[in-house]
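Contents: one structure, followed by commentary.
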Amino acid sequence: MPAISASAPGKAILFGEHAVVYGRPAIAIPLSQVQAKVIVTAEPLGTPGKVHVEAPDIELTSDLDRLDANHPLAVLLNGIRQHLGIPRLPAFCLRIRSTIPIAAGLGSGAAVSVATARAVTAFLGHPLTDEVISQLAYEVEKLYHGTPSGIDNTVVTYARPIYFRRGEPFTALQIAEPFTLVIADSGSKSLTGEVVADVRRQWQRNQNKIEALFDAIAEICEQARQVIEQERSWRLGELMTRNHSLLQELNVSSPELDRLVEAALQAGATGAKLSGAGRGGNMIALTEADSASRVAAALEQAGARRTLISSVTHPLTRE
Ligand code: PMV
């Protein structure tokens, strides 16, 4: 049997992170420059049920039954098995490669889950719909923090810009006028679960204040949706910078992220903000297409570990 492969892109949240966990809207885009790719090969002579996993990017080489039952791959493969009603998986080898930085707010966990679910179910002869793939990945997202909004698995599965509200069908965004983003890695890792838990503690301590911040973020997100869909993308930058200020008030920025946001604005970006859970990971800057390399260079000068330039058009293709 030939090897089966599948891939999934990274993602960036443009507006609404954290508030989206509390029912507010958010906007996210796929990042096809970074990808998770999974290859499944049959092991015809292997013992049924013996799944071998190789993930060199996280230095993992193991048989599935040696992984903790709560390991994301164990949870995912178990979810697939249950969904398909298969008592035991056949023997196969799963090779996972990813160019998406880990714990950096770019959706690495969701992309690995989605690519794995697609490759394994295709290998088993039961390719699943995007809806089911996204749901399987969502179950794994719950391991990273108990209350994921579902935005990561959704944008990574459907690989198109989305307007998203927790628990509701997403809306595919029409991009009226393509725009350019520079994405810069602050170099420090950030665990989504910890930051989300800290926001929860703040919310428990001062519900009125935090709810008001979420409402202000929601208002910005609604305006951003209109701008994106109605060709006035010059206003998008200002909205991003305002969203960043609110995330600072929510205590989820960091000195490195603030420095990068400032550097991007100084270099001519029309707006900038952290992206994802914050406290580390990546930030994004909106630029004119012809000044993107200048802004990227300024971000590297200001300490960014690496930068990506992404043109957001409609819709991005899936590999
Ligand atoms: O996985 P990250 O770091 O991109 O964070 C996801 C965005 C949050 O809003 C912070 C969490 C969530 O579940 O939506």
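When a ligand or atom number is given, it counts from 1 through the structure's own listing order. This one's a predicted model, so the numbers in the text were calculated from it and none came from an experiment. The first residue in the sequence is number 1, and the count goes up from there.
A donor-acceptor pair under 3.5 Å is formed between the side chain of Asn282 and the backbone N or O of Asp185.
Set against the non-hydrogen atoms of Ile151, the atoms of ligand 1 under 4.0 Å away are 14 (O). In the vicinity of Val20, heavy-atom distances shorter than 4.0 Å reach the ligand 1 atoms 9 (O), 14 (O). Atom numbering of ligand 1 starts at 1 in the shown order; those under 4.0 Å from a heavy atom of Thr192 are 1 (O), 2 (P), 3 (O), 5 (O).
Closest to atom 7 (C) of ligand 1, if we only count protein heavy atoms, is Ile13 CD1, 3.5 Å. What sits closest to atom 14 (O) of ligand 1 on the protein, heavy atoms only, is Ser149 OG, 2.6 Å. Closest protein heavy atom to atom 5 (O) of ligand 1: Ala277 N, 3.5 Å. Counting only heavy atoms of the protein, atom 4 (O) of ligand 1 lies nearest to Lys11 NZ, 2.5 Å. Considering only non-hydrogen protein atoms, atom 9 (O) of ligand 1 sits nearest to His18 N, 2.9 Å.
Listed by chain and residue number, Thr307 satisfy the side chain to side chain donor-acceptor pair (under 3.5 Å) test with Glu300 (two or more places apart in sequence, or in another chain).
Salt-bridge check for Glu139 with Lys142: passed, with a basic side-chain N closer than 4.0 Å to an acidic carboxylate O.
Residue contact annotation: Glu141 has no non-hydrogen atom under 4.0 Å from ligand 1. Not a single heavy atom of Arg166 sits closer than 4.0 Å to an atom of ligand 1.
The option with the heavy atom closest to atom 6 (C) of ligand 1, from among Asp152, Val196, Val21, Val252, is Asp152.
More than 12 heavy atoms of other residues, nucleotides or ligands sit less than 6.0 Å from atom CZ of Arg166.
Checked against Lys11 for a side chain to side chain contact (heavy atoms under 4.5 Å, CB included), the options Ile162, Leu31, Val155 give a single hit: Val155.
Taking only nitrogen or oxygen atoms, main chain and side chain alike, Glu17 does not reach within less than 3.5 Å of ligand 1.
Pairs engaging residues 87-115 under the ring-ring contact (aromatic ring centres under 6.0 Å, His included) rule: Phe92-Phe123 [sequence neighbours left out].
Counting heavy atoms from C-beta on, the side chains of Glu211 and Arg24 come closer than 4.5 Å.
With no hydrogens or angles considered, no side-chain donor-acceptor pair links Gln226 and Glu222 at under 3.5 Å.
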